[in-house]
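Working notes for the structure below.
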There are 2 protein chains.
Amino acid sequence: MERDSQTKASKWDELATDWCPVARAMSVIGDRWTLLIVRDCFLGKSRFEEFQKSLGLTRHVLSDRLKRLVDQGVLERNAYSTRPLRYAYSLSEKGRDFAPALVGLKDWGKKHMPIRKPAAA
Amino acid sequence: MERDSQTKASKWDELATDWCPVARAMSVIGDRWTLLIVRDCFLGKSRFEEFQKSLGLTRHVLSDRLKRLVDQGVLERNAYSTRPLRYAYSLSEKGRDFAPALVGLKDWGKKHMPIRKPAAA
DNA sequence: AGATAGAGTTCTCTTATGGAACGAGATAGC
DNA sequence: GCTATCTCGTTCCATAAGAGAACTCTATCT
């Protein structure tokens with residue numbers, strides 16, 4: 001990832017223009033973290049540090065994913081403080097509409113991915 | 001990716017043992033291709049070449065993802081020919097149970113990710 | 001003044017991906 | 001019996017993305 005506009009078409013962009021709506025969805029959430037950020041938003045988190053602590057991803061990647069989510073219109077970025085300029089992220093309607101898919105994934109994970117201990121080997 | 005067993009915990013393994021079922025689901029499908037392979041299975045595809053042509057991903061990555069899906073029990077690999085030994089992939093019950101999540105993503109993609117032309121700029 | 005906090009950036013190192021060529025088992029054509 | 005083709009991969013190299021930690025900048029707390 002880490003793409004910017006003026007680069008030649010990557011696999012990501014190909015997905016974004018695919019005939020299949022699932023593929024187009026994957027062009028937004030087809031990585032390890034994006035959907036978990038959205039999940040955290042559903043759980044009430046809204047700030048950079050909250051996401052970072054909750055997910056344990058690198059700040060670099062988090063920064064990139066938040067930008068992409070805002071670009072895609074899944075999240076909105078609003079200043080919650082002006083005089084140290086600080087932003088909070090919240091779900092847009094597009095983001096809130098993720099709920100059914102997220103529930104589907106939650107149910108699948110609950111049923112088919114039992115918690116296993118972190119490899120006590 | 002490309003992990004094997006005797007390596008120290010990566011972010012992928014951390015997700016696999018997360019308390020959140022969505023995170024555990026992401027440890028399986030949290031990349032660009034895996035879910036699309038599953039989708040292709042739902043659409044009746046079952047063979048290496050079919051996936052490769054359909055998705056346009058590299059053979060290397062396809063090979064890796066199929067292995068992971070079989071390891072995870074999402075797909076089953078059955079020989080459909082013994083005497084050139086050939087395998088076909090098909091959904092297990094675990095894989096078929098992905099249907100609701102897939103439908104959720106499809107609906108979201110359909111509603112919020114309109115098809116746009118491949119950048120006629 | 002010094003320590004804390006929030007939201008990022010910048011740096012280096014490692015891992016994953018893309019692209020294309022190569023391999024191996026078997027059948028089909030000539 | 002030699003070459004071509006089909007399938008299902010593997011190997012190799014260059015590039016892109018990720019991990020981890022340090023650093024910036026504004027501002028408030030003590």
Side-chain angles (χ1 to χ4, degrees), chain A residues 1-15 26-27 29-34 36-37 40-41 45-71 75-90, chain B residues 1-15 26-34 36-37 40 45-71 75-90:
Chain A
M1 250 174 266
E2 226 94 331
R3 340 41 77 73
D4 60 335
S5 322
Q6 291 310 322
T7 334
K8 83 165 208 293
S10 70
K11 294 282 171 187
W12 290 101
D13 304 300
E14 287 174 34
L15 280 188
M26 288 311 278
S27 79
I29 57 140
D31 80 287
R32 192 143 76 250
W33 301 113
T34 303
L36 296 177
I37 295 172
D40 272 6
C41 288
K45 300 200 169 62
S46 68
R47 284 153 45 169
F48 193 93
E49 300 291 325
E50 289 182 300
F51 298 127
Q52 210 267 315
K53 283 190 191 86
S54 154
L55 299 173
L57 81 177
T58 63
R59 309 175 73 76
H60 184 102
V61 172
L62 175 56
S63 175
D64 179 74
R65 294 304 182 278
L66 288 171
K67 265 187 206 110
R68 279 159 52 58
L69 283 166
V70 171
D71 280 357
L75 298 185
E76 287 161 3
R77 188 173 81 140
N78 327 90
Y80 69 90
S81 147
T82 32
R83 305 280 5 281
L85 194 49
R86 291 291 148 69
Y87 296 99
Y89 298 87
S90 59
Chain B
M1 250 175 263
E2 225 94 333
R3 326 92 24 92
D4 60 334
S5 321
Q6 291 309 323
T7 334
K8 82 163 208 295
S10 71
K11 293 283 172 187
W12 290 102
D13 304 302
E14 286 175 35
L15 280 188
M26 289 311 278
S27 80
V28 179
I29 57 141
D31 80 288
R32 192 144 76 253
W33 301 114
T34 302
L36 296 177
I37 295 172
D40 272 5
K45 299 202 170 59
S46 66
R47 284 153 46 171
F48 193 93
E49 299 293 323
E50 289 181 300
F51 297 127
Q52 210 267 315
K53 283 192 191 85
S54 155
L55 300 173
L57 81 177
T58 64
R59 311 175 72 75
H60 186 102
V61 173
L62 175 55
S63 173
D64 181 72
R65 294 303 182 277
L66 287 172
K67 264 186 208 111
R68 279 160 51 57
L69 283 167
V70 171
D71 280 357
L75 298 186
E76 288 161 2
R77 187 174 84 141
N78 326 90
Y80 70 90
S81 148
T82 34
R83 308 282 2 278
L85 195 49
R86 289 294 146 67
Y87 296 100
Y89 297 87
S90 59

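Chain naming here is simple, since letters A, B, ... match the order of the sequence lines and numbering starts at 1 in each. Because the structure is predicted, anything quoted here is derived from the model rather than measured.
Of the candidates C:dT9, C:dG18, D:dG9, the closest approach to any side-chain atom of B:T58 belongs to C:dG18. When distances run from any side-chain atom of A:R59 to the nucleotides C:dT17, D:dA22, D:dT7, the shortest one goes to D:dA22. Checking D:dT10, D:dA17, C:dG8 against the side-chain heavy atoms of A:R77 singles out C:dG8 as nearest. Comparing C:dG8, D:dC8, C:dC11 by their closest approach to the side chain of A:Y87 singles out C:dG8. Listed candidates were D:dG9, D:dA19, D:dC8. Nearest to the side chain of B:K11 is D:dA19. When each of D:dG18, D:dC6, D:dG9 is scored by its nearest atom to the side-chain atoms of A:V61, the top-ranked nucleotide is D:dG18.
Between B:Y89 and D:dG9 there is a side-chain polar atom (N or O) within less than 4.0 angstrom of OP1 or OP2. Between B:R32 and C:dG18 there is a side-chain polar atom (N or O) within less than 4.0 angstrom of OP1 or OP2. An OP1 or OP2 oxygen of C:dA7 is reached within less than 4.0 angstrom by a side-chain nitrogen or oxygen of A:Y80. Using a 4.0 Å cut-off, some side-chain N or O of B:W33 falls inside it from OP1 or OP2 of C:dG18. The shortest distance between the side-chain N/O atoms of A:R83 and the OP1/OP2 oxygens of D:dT26 is not below 4.0 Å. Phosphate proximity of C:dT9 to A:K67: present, with a side-chain N or O under 4.0 Å from OP1 or OP2.
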* To do: Take A:L57 and A:R32, measure what side chain to side chain contact (heavy atoms under 4.5 Å, CB included) needs, and give me the verdict at the end.
  => CA-CA 10 Å; A:L57 81 177; A:R32 192 143 76 250; over 6 Å; no
* Asked: Yes or no on side chain to side chain contact (heavy atoms under 4.5 Å, CB included) for A:W33 and B:L15, after CA distance, side-chain angles and deciding distance?
  -> CA-CA 10 Å; A:W33 301 113; B:L15 280 188; 4.2 Å; yes
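One atom, CG of A:N78, and another, P of C:dA7, lie 12 Å apart when rounded to the nearest Å. B:D64 has its CG atom 14 Å from the C1' atom of D:dT11, to the nearest Å. As rounded to whole Å, 12 Å separates atom C1' of D:dG20 from atom NE2 of A:H60. As rounded to whole Å, 17 Å separates atom P of C:dT17 from atom CG of A:D13. Protein atom CG of B:L57 is 12 Å distant from nucleotide atom C1' of C:dG19, rounded to whole Å. For the pair B:Q52 CD and D:dC6 P, the interatomic distance rounds to 15 Å; values are reported in whole Å. As rounded to whole Å, 13 Å separates atom P of C:dT17 from atom CG of A:L15. For B:K53 and C:dG19, the NZ to C1' distance is 17 Å, given to the nearest whole Å.
Checking A:G56 against A:T82, the closest nucleotide of DNA chain D that is more toward the 5' end is the one next to A:G56. Mapping A:E14 and A:L85 onto DNA chain C by nearest heavy atom places A:L85 closer to the 5' end of the strand.
Note that CZ of A:R47 and NZ of A:K53 are 9.0 Å apart. Values are rounded to the nearest 0.5 Å. Between atom CG of residue A:L62 and atom CD of residue A:E49 there is a gap of 9.0 Å, rounded to the nearest 0.5 Å. Within the model, atoms CD of A:E76 and OG of A:S46 stand 12.5 Å from one another, a figure rounded to the nearest 0.5 Å.
No side-chain heavy atom of A:Y89 sits less than 4.5 Å from a side-chain heavy atom of A:L69.
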